[in-house]
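Reckoned from all heavy atoms, side chains included, excluding hydrogens, waters and symmetry mates.
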Amino acid sequence: MYRKIFLSCIAVALIQTGYSQQFRKELENLCIAGELPAYRSDAIEQLSSYDRIGGNDDGFSGKYSYLRMENNEYVIADLKGPGLINRIWTPTPSNDTIRFYFDGEKIPRINMPFIDLFSGKIYPFQFPLCGNEVGGYFCYAPVSYSKSLKIVYKGSGLKFHQIQFRTLSPDKKIESFSIDLYKKNQNILDRITSVWKREVKAFEIGQEDKILSENINFVLKPGQTGKLFSMNRGGRIVGLELNLGDGLVSRYRDIWFTANWDKTANNAIDMPLADFFGYAFGNQSMHSMLLGTNGSTHYSYLPMPFDNSADLKFEYKQRLDTAQKDIVVSGTIYYTLQKRNPAGEGKFYTQWRREIRPEKGKPYCIANIKGRGHYIGTILIAQGLEEGMTLYWEGDDCSVADDKMIMHGTGSEDYFNGGWYAVMDRWDRGVSMPVHGALIYDLKTAKTGGYRFMLSDKINFDNDYTLTIEHGPENNELDVDYSSVAFFYGDDMTFENTTYSKEIASPSYPHRHILMAQELTTRLYWFTSISFNDGMEFYSRREDSWMTNIDFDAVPMARFELEGLDKGKYKCHVVCKKQKGGNDFCFWQRTKPVSNWIVQDEDASEQETIYLGIIEITEQINTITLRKRKLDNTKVKLYNFIFERI
C-alpha cells in the first residue's frame, strides 16, 4: 500500500513538473532566438474590438469591445484550455478594474486596474515585457490557464483592445497563472530582460559553445554580384553583422539580397537589402532585438537553418542614368554546424512586395503563402500620394490561416502595438522597441511605417496564410505606395515577390504637399511673438538695434523647418488672411528671397492662396523664413503652405 501511495505521489509530481515545464518553455520562446524555426501545432487566434460590419468603429463607441454583459460587467474573453494569452494591447487603458478568473474559480487571481497590466507596478507585469510607447500599451507576459479563463472588465466602458491567445493541443498541459509560477522561473525572466534590453545578443542564448564565425570583406561595384556566405553541408546561420558604411542611406533599392537553401529553384530571400534591415525612405529606422541597424552595423539574429547548402549574395543593380558609388562590405557571419531538423523546424523565408496605387476597394497583401509553416514578423512602409493626412493608416490588418480568419485588427498602427497616429507623443515619429515600433511618421509628407516580430505569439498554419491590410478608411479610395516584408519559416513554401525594375526600385513622390503651419517646427526670431487663433498669428514689433541692422530691409520673423520634404524643386504657395494695418511681409530661403513683398491693405474675411515662388530642398537647406520690413510693426496670419513638385 505504501508503495502505491509513493508511486502515486511520484506520478503527481511528474505531471506538475510537466505543467511547469510547458510554462517555462513559453518564457524561453521570448528570449531564445533559436526557437523561432520550431514548428508547433497549437491554434492561435485573437479577440479584438474591430467593427464587425466593416466600418471604422473599432473601439470608439465600445460596441464591439466585449462578448456579453454579466452583472453589469463586460466579459471580454471566455476561453477553454489548456492555453495561454501571449499578447494584450490597448491604446485606451484606464484605472477601471480588469479581473482574470481561472479554471472556473469564483475569486479572480488577477484583480487590478487595467492600466497596471502595462504600468510596471505589479509583478510579473513589468518592463520590458509590458510597457507603452508610440501610443500603444502592450503586455507580452504569458498568462496561462489549465482548463479555462474568463476576463471581466468592470468600468465605465471598454474601448480599443486586442487579446492574442493560443489554445494548446490536447496532449499538452500547462499550469494556470500564479505569482509562484513566475518566481520559479525568475532566472528566465532575467534572461528575457537582458535580451530585450539588447544587453545580450539574441542568437547567443543556449548555443554559445557551438558558434563559428567567418569574416567578410569585399567591394561591391554597380552591375556586380558579391558572395556573402556559402556552405555545402547542413547547418544554420545564427547571426549577420555587416558594416556597409553609408552605402544604403538615401539610395535607390538597387542592392538586392538573395539567399538560397539547398539549391532550390526559387530563392528563400530575394529583396532589397535596405528593406531587409528596416530602412524607411532611405534612412536607418529599425533597431529591434532581432534585426536592424546600429550605426554603420547592419545586424540580423534571425536563425536560418538549412539541410545541405546555403548561398547568400548581394547584387548591385546597375542604373545607366544615375551615378552609383562602390560599396565596401565588411563584417562577420555567425553560424553553427547543426543542420535543420526537417520534422521539427522550418527554413527561413521572406516575401517582399511593393504596390504603387493599389486597386481601389482591395486590401494590400503583405503575405500570401502556401505550405506548412509559421509567420514571425512584418515590416510595412507607406507613402501617401495625396496631400494631407495619413488617413490610409485607418486600415485594419486581417490574418487568414488555413481558410479561417484568425485575427482582425483595429487599425494599422495598432497591429504594430502603437496607437493614435498624428497625435503628439503617440504615433508621431520613429521609435524602436525590442519587438515592435514605428519606423517613421511624418504628417507633412504622409509617410509612415512600422514593424513587429512575433516570438511566443508566432502564427502557425498547415496549408496557407494570408495577411492583408486595408489601404484606406472604410472605402479604400486613397492613393498610397506600399512596400512590405513578411518573415516566416516553413519548407518548400510557395509565394511571390515583387521583382526588380527601375520603377519598383525608385521612390514615389506625392505631387503636392499641404503643410499646416501648426505642424511645422518653428523658430521665432528677435522681437517676434506668436498666438493661435484659427491659424497662426505672428507679431513682430519695430526695433532698431544691431540685431535687426544686420539685415538691410527684410528682417526675419519666423523660420519654418521643412524636414521630411524630399529633395528637389517645388513651387511654393502660402494660405493666409491679410490683416488691416498688418504691413508687408515676404518669404526667403536663407539669404535668398523666394517671394516679392506681399502687401496687406485690407482686413480680409476669407483665406487667400498666394504664390510665392520656387524653392529647392537640399540635404543642407530645408527651411523657409517669414520676413518683414525693418522699421514696421508687422502682423501676419498663416494657415498652410502648399508645395508642388516641379
Side-chain angles (χ1 to χ4, degrees), residues 14 17-19 21-44 82-84 86 166-174 202-203 205-207 209-212 231-239 259-269 290 300-312 334-351 367 369-377 401-404 406 453-465 486-495:
L14 288 174
T17 300
Y19 289 7
Q21 284 298 319
Q22 182 63 44
F23 183 78
R24 184 179 181 86
K25 182 73 172 175
E26 293 302 320
L27 290 176
E28 290 176 341
N29 286 336
L30 290 165
C31 64
I32 301 178
E35 295 295 325
L36 279 172
Y39 290 130
R40 66 183 184 197
S41 57
D42 310 323
I44 190 160
L84 303 106
N86 297 115
R166 197 167 94 246
T167 303
L168 301 180
S169 53
D171 60 319
K172 295 179 181 177
K173 302 295 181 183
I174 195 166
F203 74 90
I205 301 291
Q207 50 188 358
D209 58 339
K210 304 175 185 177
I211 296 175
L212 305 173
M231 192 158 77
N232 290 313
R233 57 156 295 168
R236 66 188 62 212
I237 296 167
V238 297
N260 187 284
W261 318 126
D262 308 317
K263 302 187 186 303
T264 55
N266 297 315
N267 290 326
I269 303 173
L290 292 172
S300 167
Y301 304 140
L302 294 165
M304 304 175 185
F306 44 92
D307 300 331
N308 303 303
S309 68
D311 288 287
L312 277 65
Y334 300 93
Y335 65 98
T336 75
L337 300 180
Q338 179 189 1
K339 65 162 52 177
R340 182 178 75 108
N341 171 16
E345 292 182 307
K347 301 176 188 179
F348 177 74
Y349 295 86
T350 66
Q351 181 177 13
I369 308 161
K370 295 189 183 301
R372 180 199 175 197
H374 48 275
Y375 191 83
I376 63 101
D402 302 325
D403 297 320
K404 177 185 177 183
I406 58 170
F453 291 102
M454 301 166 182
L455 305 176
S456 62
D457 56 328
K458 64 186 183 184
I459 302 171
N460 49 284
F461 48 92
D462 294 326
N463 302 303
D464 54 74
Y465 175 72
F487 300 90
F488 51 100
Y489 288 89
D491 196 1
D492 296 325
M493 309 301 282
T494 302
F495 58 95

**OP:** Check for a donor-acceptor pair, side chain of Y349 on one end and backbone N or O of D492 on the other, with a separation under 3.5 Å.
**Re:** yes
Original post:
So do K172 and K25 actually touch side chain to side chain, heavy atoms under 4.5 Å?
Top reply: no
**OP:** Examine distances only and state if a side-chain atom of N308 and a backbone atom of D262 form a donor-acceptor pair shorter than 3.5 Å.
**Re:** no
Original post:
Is there side-chain contact between N29 and M454, with heavy atoms separated by less than 4.5 Å?
Top reply: no
Subject >> Distance in Å, R340 CZ paired with D491 CG, rounded so as to fall on 0.5 Å steps >> reply: 4.0 Å
**OP:** Would you indicate whether the side-chain heavy atoms of H374 and R40 approach each other to under 4.5 Å?
**Re:** no
Original post:
Between CG of L84 and CD of Q22, what distance do you get to the nearest 0.5 Å?
Top reply: 7.0 Å
Subject >> Donor-acceptor contact present, side-chain K458 to main-chain L36, <3.5 Å >> reply: yes
Subject >> Side-chain (D402) to main-chain (D462) donor-acceptor, under 3.5 angstrom >> reply: yes
Original post:
In Å and rounded to the nearest 0.5 Å, what is the OG to CZ distance from S300 to F348?
Top reply: 6.0 Å
**OP:** Report yes if some heavy atom in the side chain of L337 is under 4.5 Å from a heavy atom in the side chain of Y335; otherwise report no.
**Re:** yes
Original post:
Ignoring hydrogens and geometry, is there a side-chain-to-backbone donor-acceptor pair from N460 to D42 under 3.5 Å?
Top reply: yes
Subject >> Validation row: M231, I237 side chains within 4.5 angstrom (heavy atoms) >> reply: no
Original post:
Can you check whether G371's main-chain N or O pairs, donor with acceptor, with N463's side chain at less than 3.5 Å?
Top reply: no
Original post:
Of all heavy-atom pairs between D464 and D403, which one has the smallest distance, and what is that distance?
Top reply: OD1-N, 3.6 Å
Original post:
Shortest non-hydrogen contact from L455 to L290?
Top reply: CD2-CD1, 3.8 Å
Original post:
Should we say atom CG of N266 is surrounded by more than 12 heavy atoms from elsewhere, each under 6.0 Å from it?
Top reply: no
**OP:** Working to the nearest 0.5 Å, report the span between OG1 of T264 and CG of D307.
**Re:** 10.5 Å
Original post:
Angle class for the W261/F306 ring planes (parallel below 30°, perpendicular above 60°, tilted otherwise)?
Top reply: parallel
Original post:
Can you check side-chain contact (heavy atoms from CB on, under 4.5 Å) on Y39 and Y489, steps first, answer last?
Top reply: CA-CA 8 Å; Y39 290 130; Y489 288 89; 5.7 Å; no
Original post:
If every non-hydrogen atom of K339 is compared with every non-hydrogen atom of R236, which pair is closest and at what distance?
Top reply: O-NH2, 3.2 Å
**OP:** Heavy atoms only: give me the nearest G83-I174 pair and the separation to one decimal.
**Re:** O-CG2, 4.0 Å
Original post:
How far does OG of S456 sit from CD of E26, to the nearest 0.5 angstrom?
Top reply: 6.5 Å
Original post:
Within a strict 4.5 Å, meaning less than it, do heavy atoms of the Y301 and Y334 side chains meet?
Top reply: no
**OP:** Taking all non-hydrogen atoms of both residues into account, name the closest pair between P37 and G34 and its distance.
**Re:** CD-O, 3.2 Å
Subject >> Spatial distance of atom CD1 (I269) from atom NZ (K347) [nearest 0.5 Å] >> reply: 12.5 Å
**OP:** Identify the heavy atoms of F495 and T350 that sit nearest to each other, and give their distance.
**Re:** CE1-O, 3.2 Å
**OP:** Could I get the full list of side chain to side chain contact (heavy atoms under 4.5 Å, CB included) partners for I369, not counting sequence neighbours?
**Re:** Q351, A367, Y375, F461, Y465, F488, M493
